[in-house]
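Data first, discussion second: the structure below is written as structure tokens.
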Amino acid sequence: MARRGTFLQRQAQRMQRSALLVSVVSVVLGGLAIAGIVWWALWLVLGAKADTPNQLDLTKIALSVSAGVGAAVALVVAYRKQRDDERGRFAQLFGAAAAQLGSADVAVRIAGAYAMAGVADEFSTGGRRQQCIDVLCGYLRLPYDPSDGGTHLISRKEKVDAAGTEVERLYQLRQNDREVRRTIVAVIASRLRRQAEISWSTYNFNFDDAVLEDVNFRGARFVGKHTHFRGTRFTGSRSADFTEAEFTGQHVTFHAATFDSDAVFRKARFVTTAHSDHSSRAGTSFVDAVFNRRADFRKAEFAGPETRFTRARFAGKLTSFTGAHFAADTTTFRDTHFACDRTYFDDVHFVGERTSFDDTVIGGSRITFTNTRFDATRTVFDNARIGSEHGSVHADFRGVTCRGSVSTEGAAIPGCPFGLAAPEETPAPGDARDTDGAGPVVAGQPDA
């Protein structure tokens, strides 16, 4: 294996020398060709052929051409040398930062996070910044148990009884890894905000299957083609904060993400773009996501090819989409379950080609859709159960308007103001809405 590595290195060096030789020869030939063309033009246009040049003139011309070609060759060699030096410097700094991140000492790993960010800031060409970002994201994707995040131990041993045989297992631990991971998240977030001196917003971020504690991406801008939080677990004592964050790439996914802390996407913008040849997935996905605590999407904006909350589960005390705007071509909450105590869809605006709530289940002590506008070309509530579950109150649909066609086939929606479901009298709500609903509503008839 060592011989193979040495052979490949020798081949790479030979290729570099060959490339330099080709560049130099190309410059020399190009310089001679230009000199010949200039000489020919002067000879014809200016009548240089009237006087036969003497030996001194020919010598001056030859020296001038040689000097020009020599200068061009020097420039090519200097450029190639500078590029090779830059490549070598990147390899050296990148390797040193990566070694620090792999250290057993927590202080060295924290220093490695800052060092890797510094390398990314310095080198932006040739995919080098993306390479540094991938390393930082890769560290966050390493196996991590939050219960061991603040441990001072380097290993843990346990004995288990497997099929009558006692087995001893030894687990290697990274000391105080919580602080390292928080540092990496903070470093990334600081370069995604508008005021960042050097922005990383246009690059791709892959946090798939990572465990993120107390993340704060407030005001972050994810503009790269792909932003992935697929299978990510959000936990900690504080909210997973994406307030006013912007996702404007091609594909944004929180597929199968689990939020064990509050999920705050207040005023977040998910404005994705379709790929020109439609060769890959585009849009925003919260498919199979699980929200075990409060989910706050108030005044969030969704646009692009599609927005999907298919099979998502909302199990916290409160879920609010109050004031949200859904403008994607397709918006779907198909087979989504809202098992929270309070669910608010007040003042929401749905536009686009299709809005789907088919097979959706919404229960709880308070369900409101007041003043919501369903303006999509087609709105589907087939087989939905909203406010019809045992122990649930009827949903408040006061002020709801709908344009386009509506389907409620097989639905159980007491108080539904449109479609095939027979309207039932909605119980009068209290005089004032719970302030957590984020939107004032006056009891009785809605305002004109």
Side-chain angles (χ1 to χ4, degrees), residues 116-117 120 124 127 129-141 181 184-194 196 198-234 239-259 261 263-276 278-291 295-297 300-310 312 324 326-331:
M116 187 63 72
S124 61
R129 180 172 294 168
Q130 183 67 64
Q131 185 176 344
C132 297
I133 292 172
D134 290 344
V135 170
L136 293 175
C137 292
Y139 188 100
L140 296 175
R141 296 197 304 271
R181 300 170 75 87
I184 293 175
V185 171
V187 163
I188 293 174
S190 67
R191 285 158 174 80
L192 293 176
R193 298 190 172 102
R194 291 186 180 276
I198 298 177
S199 176
W200 296 358
S201 290
T202 57
Y203 293 86
N204 298 328
F205 288 86
N206 183 354
F207 298 100
D208 288 352
D209 299 313
V211 177
L212 302 181
E213 289 185 280
D214 300 326
V215 293
N216 181 4
F217 284 111
R218 188 185 187 95
R221 298 175 64 247
F222 295 90
V223 190
K225 185 177 179 181
H226 295 284
T227 301
H228 290 179
F229 289 90
R230 186 186 291 109
T232 304
R233 179 188 172 196
F234 296 90
S239 302
D241 193 352
F242 289 88
T243 302
E244 297 182 348
E246 295 185 16
F247 301 86
T248 55
Q250 176 185 319
H251 187 215
V252 178
T253 178
F254 286 82
H255 185 109
T258 300
F259 293 85
S261 58
V264 181
F265 289 90
R266 191 182 309 123
K267 294 184 179 180
R269 296 180 69 245
F270 299 85
V271 185
T272 57
T273 56
H275 196 268
S276 57
H278 302 282
S279 61
S280 57
R281 181 172 293 282
T284 301
S285 173
F286 282 88
V287 174
D288 292 320
V290 178
F291 298 84
D296 185 355
F297 286 88
E301 178 184 353
F302 299 86
E306 60 180 353
T307 298
R308 300 184 300 154
F309 282 85
T310 308
F326 291 88
D329 297 338
T330 302
T331 298

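What's counted below: heavy atoms across the whole structure, side chains too, no hydrogens, waters or symmetry copies. Since we're looking at a predicted model, the values are computed, not measured.
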Problem set entry | Expected output: side-chain Asn204 to main-chain Lys225 donor-acceptor under 3.5 Å | yes
Problem set entry | Shortest non-hydrogen contact between Thr331 and Phe326, atoms and distance | CG2-CD2, 3.6 Å
Exercise. How many angstroms lie between CZ in Phe291 and OG1 in Thr258, if you round to the nearest 0.5 Å?
Worked result: 9.5 Å
For this session: Report the distance from atom CZ of Arg221 to atom OG1 of Thr227, rounding to the nearest 0.5 Å.
Result: 11.5 Å
For this session: Starting at CD of Glu213, measure out to CZ of Arg233 and round the result to the nearest 0.5 Å.
Result: 8.0 Å
Problem set entry | Heavy-atom closest contact (Ser261 atom, Ser239 atom, distance) | OG-C, 4.3 Å
For this session: Report the distance from atom OG1 of Thr202 to atom CG of Leu192, rounding to the nearest 0.5 Å.
Result: 10.0 Å
Exercise. Is any NZ, NE, NH1 or NH2 atom of the basic residue among Arg194 and Glu244 found under 4.0 Å from an Asp or Glu carboxylate oxygen of the other?
Worked result: no
For this session: Tell me, with the steps shown, if His228 and His255 meet side-chain contact (heavy atoms from CB on, under 4.5 Å).
Result: CA-CA 8 Å; His228 290 179; His255 185 109; over 6 Å; no
Exercise. Do Thr232 and Phe254 come within less than 4.5 Å of each other through their side chains, counting heavy atoms only?
Worked result: no
Exercise. Counting distance only, does the side-chain N/O of Arg193 pair as donor-acceptor with the main-chain N or O of Arg218 below 3.5 Å?
Worked result: yes
Exercise. Do the side chains of Thr272 and Pro305 get nearer than 4.5 Å, heavy atoms only?
Worked result: yes
Problem set entry | Ala312 to Phe286 - nearest heavy-atom pair and separation | CB-O, 3.8 Å
For this session: Provide the closest heavy-atom pair for Phe242 versus Ala268 in the form atom of the first, atom of the second, distance.
Result: O-CB, 3.8 Å
Problem set entry | Sub-4.5 Å side-chain heavy-atom contact between Trp200 and Leu136 | yes
For this session: Ignoring hydrogens and angles, state whether a donor on the side chain of Thr243 or Asp241 is under 3.5 Å from an acceptor on the partner side chain.
Result: yes
Exercise. Do Phe247 and Phe265 have ring centroids that are under 6.0 Å from one another?
Worked result: no
For this session: Can you see which heavy atom on Thr248 is nearest to which on Arg269, and at what distance?
Result: CG2-NH1, 4.2 Å
Exercise. Of the non-hydrogen atoms in Ala196 and Ser190, which two are nearest, and what is the gap between them?
Worked result: CB-O, 3.3 Å
Problem set entry | Between Phe217 and Phe205, ring centroids under 6.0 Å | no
For this session: Compare all side-chain heavy atoms of Arg129 with those of Ile198 and state whether any distance is below 4.5 angstrom.
Result: yes
Problem set entry | Partner of Arg308 under side chain to side chain contact (heavy atoms under 4.5 Å, CB included), chosen from Thr330, Asp288, Val287 | Val287
Problem set entry | Any side-chain heavy-atom pair of Phe207 and Ile188 under 4.5 Å | yes
Exercise. Mind checking whether His226 and Asn206 have side chains closer than 4.5 Å, heavy atoms only?
Worked result: no
Problem set entry | Any Arg181 side-chain heavy atom under 4.5 Å of Val211 side chain | yes
Exercise. Donor-acceptor pair, Gln130 side chain versus Tyr203 backbone, under 3.5 Å?
Worked result: no
For this session: May I ask you to check whether Phe270 and Phe297 place their ring centers less than 6.0 Å from one another?
Result: no
Exercise. How far apart are the C-alpha atoms of Tyr139 and Ile184, what are their side-chain angles, what is the distance that settles it, and do they pass the side-chain contact (heavy atoms from CB on, under 4.5 Å) test?
Worked result: CA-CA 9 Å; Tyr139 188 100; Ile184 293 175; 3.5 Å; yes
